[in-house]
Amino acid sequence: MPNFIAKNIKEIKYPLQSGDIKFLWQVQGRNEKLVFTQSKDDSFFITLKSKNDGNFVIKGDKLSKPSRITNLQKALYVFKELLCENIVSEAISNSDKNVAKSDKNVAQIDEILSLMPKFNKIFIEIGFGSGRHLLFQAQNNKDCLVIGIEVYKPSIEQVSKLAASKNLDNIRLINTDARLLLSLMPSNLIDKIFLHFPVPWDDSPHRRVVSLDFAKECQRVLKVGGTFELRSDSKMYTDFTSATFLELENAKISIQKNISLEISSKYEDRWKRQEKDIFDLFYTCEQKSSDLEELEPMCFNESYDMSKMALNFKNTTIKGDDFFVHFEELYQSDDKIIIRVAFGSFSKPEHTFIKFENNTCEYFIKMPILTKTNLKAHRKIKEHLSQCNR
């Protein structure tokens with residue numbers, strides 16, 4: 001995360017603008033300040049935190065980090081130049097054109113969901129690693145949106161740069177859990193789902209990507225005739241995947257061994273040098289699925305007493321059977337309160353802010369993902385906040 005350390009910060013009079021960078025207001029927490037910032041089409045917080053030696057650490061807030069990291073870089077650079085004195089150290093850039101070019105390939109969930117209906121063909125690769133296969137598919141299917149899902153951030157950065165160097169505009173990369181993203185996608189829309197050389201987790205099968213719920217989501221999002229393709233050096237994992245997908249209604253599966261593809265991953269190259277067998281499983285979807293269940297929106301209609309809110313706030317965790325809510329921190333100014341909160345699934349929690357201002361309440365800066373688990377947690381948040389109703 002880009003940042004810098006300064007000995008002094010000048011007095012800030014909001015709003016402050018320089019070019020397309022705007023610093024609009026700030027709120028104070030126990031140990032840090034949040035500065036609401038806009039940079040081009042991104043909105044996020046910059047954090048100001050004093051250290052024990054009297055210096056200040058200025059950086060981007062992790063929860064609201066923009067999808068385009070160059071926008072954060074520019075905002076921090078402008079903040080440093082306008083408002084800070086005696087810079088101790090810095091790790092920011094204002095001129096990395098290669099990063100700016102590759103940023104457009106990295107997306108958030110809402111961006112991907114809004115982009116999908118614009119393409120007639122959509123491929124998804126789960127755990128793309130070095131990106132060889134992903135880039136090959138994008139190069140050879142220019143009319144197709146190729147979505148890469150990866151939990152390892154350095155892989156996303158590397159493949160994003162490679163895609164930019166090849167001028168591939170049909171790739172979008174996302175750092176998230178594949179099961180979460182699939183659960184939010186419309187039904188009957190995807191042409192191919194690739195899962196190449198996943199960790200087999202022979203001793204911990206509960207950690208595998210493949211499960212019956214995963215298979216059901218693959219069936220739901222695939223078009224009729226669409227395919228899920230597993231490529232693995234593990235016969236045990238292949239057999240497990242076959243047995244799992246055979247639980248689906250009208251399951252059509254084929255398995256092949258040691259077939260050659262036009263492109264291979266570094267893992268596949270390694271296994272071939274070791275003369276290991278490579279297994280390919282193909283599941284073909286043969287039925288049309290019903291549309292996703294429509295959920296009620298996560299919104300607040302009540303009016304809250306902000307003085308009571310500030311007085312009664314506590315760092316509190318509430319647990320349900322399959323969800324939790326954690327009220328983490330409160331920040332305030334004369335006319336605003338911001339609460340940082342984590343909630344939702346224990347395995348994939350949501351992190352966001354709630355803003356109270358002018359008798360209104362809303363999730364801020366980014367809207368939480370609308371899932372059944374998050375909706376349960378949202379209802380619990382409203383119930384907890386009701387003690388501060390006007």
Please name all residues satisfying ring-ring contact (aromatic ring centres under 6.0 Å, His included) with H384, sequence neighbours left out, ordered by chain then number. F327

Quick one: are D305 and N389 in side-chain contact, heavy atoms under 4.5 Å? no

Check whether any side-chain heavy atom of C388 lies under 4.5 Å from a side-chain heavy atom of N312, and answer yes or no. yes

If I take atom CG from residue D322 and atom OG from residue S345, how far apart are they, to the nearest 0.5 angstrom? 8.0 Å

Is the backbone of L173 close enough, under 3.5 Å, to the side chain of N105 for a donor and an acceptor to pair up by distance? no

Should we count NZ of K380 as having more than 12 external heavy atoms under 6.0 Å? no

To the nearest 0.5 Å, how far apart are OG1 in T47 and CD1 in I58? 8.5 Å

Do I12 and L82 sit in one hydrophobic cluster, given that two such residues count as connected whenever their side-chain heavy atoms are within less than 4.5 Å of each other, even indirectly? yes

Does a sphere of radius 6.0 Å around CE in M236 hold more than 12 heavy atoms from other residues, nucleotides or ligands, not counting ones at 6.0 Å or beyond? no

Which residue pairs satisfy the salt bridge (Lys or Arg N to Asp or Glu O under 4.0 Å) criterion with at least one member in residues 15-28, sequence neighbours excluded? none

Output the rest of the hydrophobic cluster of F364: all Ile, Leu, Val, Met, Phe, Trp and Tyr residues reachable through side-chain heavy-atom contacts under 4.5 Å, sorted by chain and number. L24, W25, V27, L34, F36, F45, L63, Y331, I338, F353, I365

Checking side chain to side chain donor-acceptor pair (under 3.5 Å) against D233, which of R270, K276, Q274 comes through? K276

Would you say S64's side chain and F44's backbone share a donor-acceptor pair under 3.5 angstrom? no

Quick check: do I174 and Q108 have side-chain heavy atoms less than 4.5 Å from each other? no

Pick from K314, R340, K33, R30: which one makes a salt bridge (charged side-chain N to carboxylate O under 4.0 Å, His left out) with E329? R30

Residue list, ring-ring contact (aromatic ring centres under 6.0 Å, His included) with F279, at least two apart or on another chain: none

Residue pairs meeting salt bridge (Lys or Arg N to Asp or Glu O under 4.0 Å), one or both in residues 281-304, sequence neighbours left out, come to K252-E286, E293-K372, E296-R379, E302-K382

Can you list the other members of the hydrophobic cluster that holds I263, where links are side-chain heavy atoms under 4.5 angstrom apart? F136

From CG (L16) to CD1 (I21), nearest 0.5 Å: 11.0 Å

Are the side chain of D191 and the backbone N or O of G226 linked by a donor-acceptor pair below 3.5 Å? no

Take R390 and N359, measure what side chain to side chain donor-acceptor pair (under 3.5 Å) needs, and give me the verdict at the end. CA-CA 9 Å; R390 283 187 176 277; N359 297 323; 2.9 Å; yes

Using 4.0 Å as the upper bound for N to carboxylate O, is an ion pair formed by K348 and D177? no

N/O donor to acceptor pairs below 3.5 angstrom from side-chain atoms of residues 112-128, sequence neighbours left out:
| residue | atom | partner | partner atom | Å |
| --- | --- | --- | --- | --- |
| S114 | OG | D110 | O | 3.2 |
| S114 | OG | E111 | O | 2.8 |
| E125 | OE1 | H133 | ND1 | 2.8 |
| E125 | OE1 | L134 | N | 3.3 |

Do L76 and L72 have side chains that get closer than 4.5 Å, going by heavy atoms? yes

Is it the case that the side chain of S39 and the backbone of D42 share a donor-acceptor pair, with hydrogens and angles ignored and the cut-off at 3.5 Å? no

Hey, is the main chain of Q158 close enough, under 3.5 Å, to the side chain of S160 for a donor-acceptor pair? no

Carboxylate-amine/guanidinium proximity below 4.0 Å for K235 and D239: yes

With distance as the sole test, does N175 use its side chain to make a donor-acceptor pair with the main-chain N or O of K153 at under 3.5 Å? no

With no hydrogens and no angle check, is any side-chain donor or acceptor of N141 less than 3.5 Å from a backbone partner on D143? no

When rounded to the nearest 0.5 angstrom, what is the spacing between CD1 in I190 and SG in C285? 11.5 Å

Distance-only check: which donor-acceptor pairs under 3.5 Å involve side-chain atoms of residues 254-262, not counting sequence neighbours?
| residue | atom | partner | partner atom | Å |
| --- | --- | --- | --- | --- |
| N258 | OD1 | I278 | N | 2.8 |
| N258 | ND2 | D277 | OD1 | 3.0 |

Hydrophobic clustering (ILVMFWY, side-chain heavy atoms < 4.5 Å, transitive) - are I109 and L370 grouped together? no

Contact between V325 and T317 at the side-chain level, heavy atoms closer than 4.5 Å - yes or no? no

So, does N188 use its side chain to make a donor-acceptor pair with the main chain of K223 at under 3.5 Å? no

Worked verdict on F228 versus F282 for ring pair (Phe, Tyr, Trp, His ring centres under 6.0 Å): CA-CA 6 Å; F228 164 79; F282 303 90; 9.5 Å; no

Can you confirm whether Y237 sits close enough to L230 that some side-chain heavy atom of one is under 4.5 Å from a side-chain heavy atom of the other? yes

Ring centre gap for F79 and F23 strictly below 6.0 Å: yes

With a 4.5 Å cut-off on side-chain heavy atoms, are D61 and I46 touching? no

Which heavy atom in A75 sits nearest to a heavy atom in T37, and how many Å separate them? CB-CG2, 3.9 Å

By ring-ring contact (aromatic ring centres under 6.0 Å, His included), F300 pairs with (sequence neighbours left out) Y363, H378

Going by side-chain heavy atoms closer than 4.5 Å, which hydrophobic residues are tied to V57, directly or by a chain of links? I5, V88

For V224, the rest of its hydrophobic cluster, which grows through side-chain links under 4.5 angstrom: none

With no hydrogens and no angle check, is any side-chain donor or acceptor of Q332 less than 3.5 Å from a backbone partner on D334? no

Donor-acceptor contacts, no H, no angles, side chain residues 203-219, under 3.5 Å, sequence neighbours left out:
| residue | atom | partner | partner atom | Å |
| --- | --- | --- | --- | --- |
| R208 | NE | P200 | O | 2.6 |
| R208 | NH2 | P200 | O | 3.4 |
| S211 | OG | F214 | N | 3.2 |
| E217 | OE1 | R220 | NE | 3.0 |
| E217 | OE1 | R220 | NH2 | 2.8 |
| Q219 | NE2 | E249 | O | 3.2 |
| Q219 | NE2 | Y283 | OH | 3.3 |

Hey, does the side chain of T238 reach the backbone of S234 with a donor-acceptor pair shorter than 3.5 angstrom? yes

Within the structure provided, determine whether P349 and F343 are in side-chain contact (heavy-atom separation under 4.5 Å). no

